[in-house]
Every structure is written in structure tokens, then in C-alpha cells.
2 protein chains.
Amino acid sequence: MTRLGGTNLPRVGGYNQAVVLDAIRTRGAVSRVELAALTGLTNQTVSNVVRKLLDAGLVTETGHAPSSGGKRRTLLSPRPDGAYAVGVHLDPDSAVIVLVNLAGEVIVSRRLRLTAPDVPADVVDRVSRAVQRLIVRSAVDPARLLGLGIAAPGPIDGSSGCVVRPPNLPGWDRVPLVEMFAKATGLPVALDNDATAAAIGERWIGGEARAGSFLFIYLGTGIGAGIVLNNTVLHGDSGNAGEFGHMPVEPGDRVCHCGATDCLGPYCSPAAIIDDLLRRYGPVAADRIGVTGAAASLHDDWKALRRAARAGDPDAEDVVRRAARLIAQATRGAASLLDVGRVVLGGEALRGIEPILLEEIDSAVNRTSVARSIRPVVIEQSVIGDTVGAIGAASLVLHGNYAPGWRMLTDGAG
Amino acid sequence: MTRLGGTNLPRVGGYNQAVVLDAIRTRGAVSRVELAALTGLTNQTVSNVVRKLLDAGLVTETGHAPSSGGKRRTLLSPRPDGAYAVGVHLDPDSAVIVLVNLAGEVIVSRRLRLTAPDVPADVVDRVSRAVQRLIVRSAVDPARLLGLGIAAPGPIDGSSGCVVRPPNLPGWDRVPLVEMFAKATGLPVALDNDATAAAIGERWIGGEARAGSFLFIYLGTGIGAGIVLNNTVLHGDSGNAGEFGHMPVEPGDRVCHCGATDCLGPYCSPAAIIDDLLRRYGPVAADRIGVTGAAASLHDDWKALRRAARAGDPDAEDVVRRAARLIAQATRGAASLLDVGRVVLGGEALRGIEPILLEEIDSAVNRTSVARSIRPVVIEQSVIGDTVGAIGAASLVLHGNYAPGWRMLTDGAG
DNA sequence: TTGACTTAATCCATCCATTGGATTTAGCTG
DNA sequence: CAGCTAAATCCAATGGATGGATTAAGTCAA
């Protein structure tokens, strides 16, 4: 979409509807007059738009605000049961499936264990059947189920709906996930990389706290970033914006699969940090902490290492902190390049070591006195937590349907 | 603007007008039917919009396309004399002023020499008077002169129209340039940092070659980047997106004013590269190349060094190449983070050494086989050349008035 | 209790850019 | 010159936003 398209009246209608819904969602209980002030629309227009949203079952009237001298304002709130979406977070070792409502609340969820050499077709098949069962179990109105969102490790090809040889999913080369899941479930399918999906989830659920612009740093099996600028998600020319693993950092002796030794990626995965512990502090420390170093026990090793770091074990903390510094270094570059006032951290690999990351990133990003004085950058944790990947995946669908944006005015989508 | 605003019919009209004008500008001679296809608007709508643009004097009918069996298409082209803008590029040692037409062609230009300790008020005064004289001399219709654009070294405060203590303009702390120039010239004034202005100029003038997304690396007194995503300029939360000097690179012994030793900025200014030459290769090489090392002769030293590097002097080329590698390293990170398919180089400090920069950046950015296979990044020079700063400044005004974008549908601006 | 006042929300006629279908304009071809 | 094709325009209709008037529902003071 190299060219900008024109727009027309019906699209304006749809767009304004989305704007009003978005305002209601982010502000919670809010009256029509406030919405008019927030959106710049007329009271009359807001009234009309709200009526449509009420008819569509997406919002409800919930009580009244205390009077300020005249008629009380009737407050509007989103209707959680107005719409539903399914989210799937694909990871090398597991698939997390959630069914969420319009408010982003999880109705039912399920985790499937996967084993590394699984064939894509089998995984899609297993996951799809689990999705179907979840839908039946939840008993949601099928008409209100908008679709299925998938968060996969990048890179992906946005135009064809494929994952493109993800380093963390060996053997998955150009797998057309969108097509496969659409056929298997009969639902509309959206695909994005895990970090971007997480950022969209954060934007969708975070309300005021995630309005405007922010950079989401996602720490899962690998590291990635999701970029939200002016309430709009940056996808990039090929659908891979936020690729964080190739950000330059202080070079060491780890070689990225691209051949460089100064890429962030190879230094900050759980596997790399565990390896770092073994190399720096040897088997004694590893034993003490509970790290075996076997490839098969990566998950448990990482858990043990995180726990030790959190508990103050100096060796564990040291290796975590070294990785954190590199992440912080890259984050500093990204934040100043994008000029975002907020950085959000999330991802399941982060559990327990958030304070270390927050501290290092804060000190790197807010180091310059200039930055501090003009606009200190806020560093925060995800408002969603561990399941940000799966919930983010579901949010892809909600966001695609209801978040106001360019595409509503230019493309046909609504 | 943390919230998304609604829109309405008149705005849609203005926006579509801008879309059509933009399409005519970027495509050159184009017919109404083609415009309809390009913009997604109806033939009828395009007809109406074009009539308005004709009445406004912004486009003209220029001949016909050969018939393809029916009535010939009448071709539309932008009218260069439809609008004018003045651009001022402020630099520590000079101010370049240009008056350009709608096509971005320079009508008249002038360069004022400045001396370092100049007081802001005096500079504004001198420049403003020069602008006035230029306007008179050019004899353009004042009604068609849209305003004055200023490109200044960052950082700036976008909301108040100030420059905020730019490292390259000592003593200029929170100078309200917009206000001062508006008062002195009576023109509407737009301010942006030099790199962003250059990117906007590139976008405005570059036509198809600069449609979509690109990262503009600007090398002047300092280094900066301008970011264009989906034909839209990224300004950032505080108006300082593209701050490139704090991108992390391989650390050395140069300390950034923010305290870090791994910031790109201090390693790649002309002054730093000259210093590097002296430190690495001593007075003999400096003499041979024609570099004195005196602060006062920075301009000439840099010229000599560039010429020597271009001519193949190994020492000169080495120091330039070292800086180029660091720039390339940072560019690799930025390009992968933003997922842009194009990187553009420009700025007056670049003259003569473009090939070295292009080569180093290309090899760094396109190193990964993955990146190469999915989407090799195109690395190019500015289509404008040396004066990209000043022309970019003027483009701020043209862009602000006529480039289609969000703001037309949400804010009041047109 | 009542009447004056205030604010929220809606009703209604109007506006206006886009749309789709019909029409005109202007070329080509046999 | 008639028949065909494509470009561009005319015209009535559509539909979402608008502004002013109206109704609904509260507060406050006498």
C-alpha cells in the first residue's frame, strides 16, 4: 500500500463509531457529552453513534453521574459480552489458547504441550480442534465470535500470512498459518509476531495507561519489540517492525545467525543467559542454583535461574543483569529514535526478574540529563502479565475489528 | 494528542483533495481516470476534486494521452507556480534561505554567514530581513506564499516551537523560534529539526521514489535521522523522533554529553573524524591531506579530508570508513526495528564521501541472508542533494498545507 | 411547593461530499 | 458516415454530520 487512498462518507461513519467505542473502552464509564469533548464530535453525532453501538450490543448504559446542577449524565460502559475472540500463542514448546471477551477478560483457556519436531500441519490440527472445543465449552454466541488471532515467533510475511523460517520454530519455513487455520476452524484469522501481538493486547486492554505511543519489549523464547505510535500499531513494510534481535549492542563472542557479533538477540535469550552462567561461574554455581544446562531442561533451568536472581544469588543476578544491560542499551536507542515516552516490558520469560530489567532500562534510557528534563521516559511492566502473548493474539482480532485507524478510512475493512 | 478524534464531511473533502493533489504531484502527467484508480475514488469525485484544484490554480491540464479507442485522456500536472514557500536552514556557521515553488524548485536562494557567538535575536533579525528581501526580489504573488519553514539542529520542543539547547548551537536555550520568526516576517512558521525537515523534503520532492516508508540519515554538523512511515512523517511524542546520536554503537573512548561512551553521535561528526585522523595518523598525514586541526578551520579541514578520502588517501579513507561503519551499525538497528525497505542518505557534510557511506551501510543492513531474501533494503542518496536542509525546511510548509494525512481528518488544520 | 435555572440528550430540517446511473464529448474504425 | 469505445460530466439520491430548537431531568432559592 504505497499510495494513500481517498475516503468517503460511509467510512467516516464506521470510523467515528470506532472512535467513540475506543473512547468508551479506554475511559470506562463516560457520558455522551464527555465523549463529544474527547472526540471533537458534536453532541448530536455522539448521540447517534452511541445509539448504534447500543443496538449492536457493544456498550450499555450503566447508571448516572452525580448532577452538576442540571440533568445527570448517563454513563456508558463497554459491554464485555458484546464480542469475543480466540487467541493462540504459538511457542516452540507449547500453544496457549484463550477465549476473551470485548474487555479482554479470559473466559476459558487451555495450554497444549508441543514437542520440538512437531510438523506444522499436526500442530495446526491439534490446536484447531482444541479451539473448537473451547468455543463449544464457553457457550458464546457464535455470531459474536469475531475470529482467531495467532501470535507466532517472527519473522512473518504479513501479506501472505506465513511464518518465515522462525529461528525458534525449526522446520517451519513459509508455513501459511492464516490459510491453514482459516480452513481448519472456519474463522477469520489474523497473524502477527508475538511481540507486536503483545503490544496490541496492551494497547487494547491498557486503557488510558496505554494510550498514545509506547515501545513494548517482549521477552519470550527470543526477544522482540512491538511499536505503538499515536495509538497506531507499526507493522512495517514487510510486517516485521519491532525486530529487536538485530539491534546493535556492545559486541561479545556470540555470533548471531546473521553473522554479526553485536546483535542483541544471541545475548539475551534464556538459553544464552543460562549458558553465560555456566561459562562464568561453572558447575558449582549451577548446582547451587539448580541449573543443569541440559537442552531438554531449559524451561526448568530458566525458572531456577530467575528464582535465584530474584532471591539475590550474586552469580545468578550478575548474568541476568548483564543481559539486562544489553537490552537496556538497545532500548535506549530505540526509545530515542522513536521518541516514545513509555516503554513497557512483558513476556513469560520475564517472570520474577522484572525489577532488574526495569532498573537497568530506566537507568540507561533516562541517563541523559536532557532527556530527563524534557521528558523522562516511563518504564513499566505489562498490565496484562504472563499471558500477554495469548491475550495479545486475541486482541489482534478485536483490534482489527474495532480499533479506529487509517485502514477504516482508506481500505474497505471495517 | 493522546486521543483519536472523530471526523466529518468537510474534512473528508479537504483530505480527498490532498490525496488527489498528492497523486498528481508524485505521478506527474496523469489523467482523471487513472487518479480514480489510484485513489480508489469515483471518476465523478475525481472530476469534482480536480475542478477545485484547477480553480485553486494548483494543477493544470497539459495535453492529452493517445487514445486507446475512445476519447483521449486529458492529462493533469501540478502547477509549480500554484504555491510558494520559504525555507531556512539554520546551522552554527550559516543560514541558507531558499524560496521554492510547489514543485520544490528553487526560485531564489541566499546564504548568510553566521559566527558562533551570535545572539538568537540578532540572527532571527538578519535572517528575517533577508527573507523579506528575497520575497520582494522573487516577485511572487504574496497570496500564494504559504509560509516559512525552519530546519534547526535538534532537539526542539514541537509544542512550543522552541529549539532546546542544541549541542551545535551553544547559548540557544529554549529559543522560541516560531514565535520570533512569525512576528518578524508576518508569515506562518513551521519548525522541525534538520533531519526530519530533510526527510519531508525528500518525501515532497522525491515522487514515486520516496513513496511509502524510508529512513533518512542526515549528516550535517551533527547526525540525525528523519523517519517516514507509510507516507507519514513520524514526529514522536516530543517532536524529536529520529534522534540518531544516541543510538548504541561499539563503545570507544569518546564520551557523549549524556555520559555514555557508546553513543553514535560523538564518533561521526566531521570534527570527531578530523580529530580521529590526527590521533591515528599524526601531523604528517594531516599535513599531506591539508588538515590543520584548528577549530576555526573545521569547514576547510573537513572539505580537505573528504576530498582526500574520495581520492583514495588510505588514512583519510580509513577514518571516514570507521565512522561510516558505526553509522552503518546504527542504521542496521534502526532499519530492522522500523522494518523500512529504503534508507536515504543526505546532508551537506556528506559531499564526496557518499560512496563510502553507501557501501558500508549496504553491507551492514543487508548482511543477514534472511533480510536479503525477504526484502533487501535499498540504500540511496538524497534525490535533492546538498541543499536538502533548506529545501526540506520549505517543504515543511508545503507538506503541512498539502500532504494528505491524519491531521486533516482529525485536527482542524487543512 | 413552586418557579427559575442548568445541564444532558434528542428531534428536525439542512448541508454537503460522495455515489451510481444516465448523458455528453471526443476520439477511433470499417 | 454510422457504430463503437472510452473519458468526462450531469443529475438525482444517499447518508452522516451539523446547528438550532426542544424535551428531559436534575439543582437551588424563596
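Each chain gets a letter, A, B and so on, in the order the sequences are listed, and its residues count up from 1.
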- Query: How does protein reach along nucleotides 2-13 of chain D, written 5' to 3' as B (base within reach of a heavy atom under 4.0 Å), S (only sugar-phosphate), or - (no contact)?
  - Reply: ---BBBSBBB--

- Message: Under the rule for ring pair (Phe, Tyr, Trp, His ring centres under 6.0 Å), what residues qualify as partners of B:Tyr15, not counting sequence neighbours?
- Response: A:Trp406

- B:Ser67 vs C:dA26: side-chain N/O to OP1/OP2 distance below 4.0 Å: no

- Message: When you measure from the side-chain N and O atoms of A:Thr42 to the phosphate of D:dT18, is any distance below 4.0 Å, counting only OP1 and OP2?
- Response: yes

- Item | Contact nearer the 5' end of DNA chain D, comparing A:His64 with A:Gly14 | A:Gly14

- Task: May I ask you to check whether A:Thr232 and A:Asn230 show a side-chain donor-acceptor distance below 3.5 Å?
- Result: no

- Message: So, using side chain to side chain contact (heavy atoms under 4.5 Å, CB included) as the criterion, who are the partners of A:Glu105 when residues are at least two apart?
- Response: A:Pro80, A:Asn101, A:Ala103

- Rounded to the Å, how far apart are B:Leu409 CG and C:dA17 C1'? 13 Å

- Item | salt bridge (charged side-chain N to carboxylate O under 4.0 Å, His left out) contacts touching residues 39-56 of chain A (sequence neighbours left out) | none

- From CZ of A:Arg11 across to P of C:dA17 the rounded distance in Å is 18 Å

Name every donor-acceptor pair, under 3.5 Å, that has one atom in a side chain of residues 64-75 of chain B and the other anywhere in the protein, sequence neighbours excluded.
| residue | atom | partner | partner atom | Å |
| --- | --- | --- | --- | --- |
| B:Ser67 | OG | B:Gly69 | N | 2.9 |
| B:Ser67 | OG | B:Gly70 | N | 3.2 |
| B:Ser67 | OG | B:Gly70 | O | 2.6 |
| B:Thr74 | OG1 | B:Arg32 | NH1 | 2.9 |

- Message: Filter on ring pair (Phe, Tyr, Trp, His ring centres under 6.0 Å), then keep only pairs touching residues 21-42 of chain A, sequence neighbours left out; what's left?
- Response: none

- d(CG, A:Asn8; C1', C:dT19) in whole Å: 9 Å

- Query: Is the distance from OP1 or OP2 of C:dA17 to the nearest side-chain N or O of B:Asn16 less than 4.0 Å?
  - Reply: no

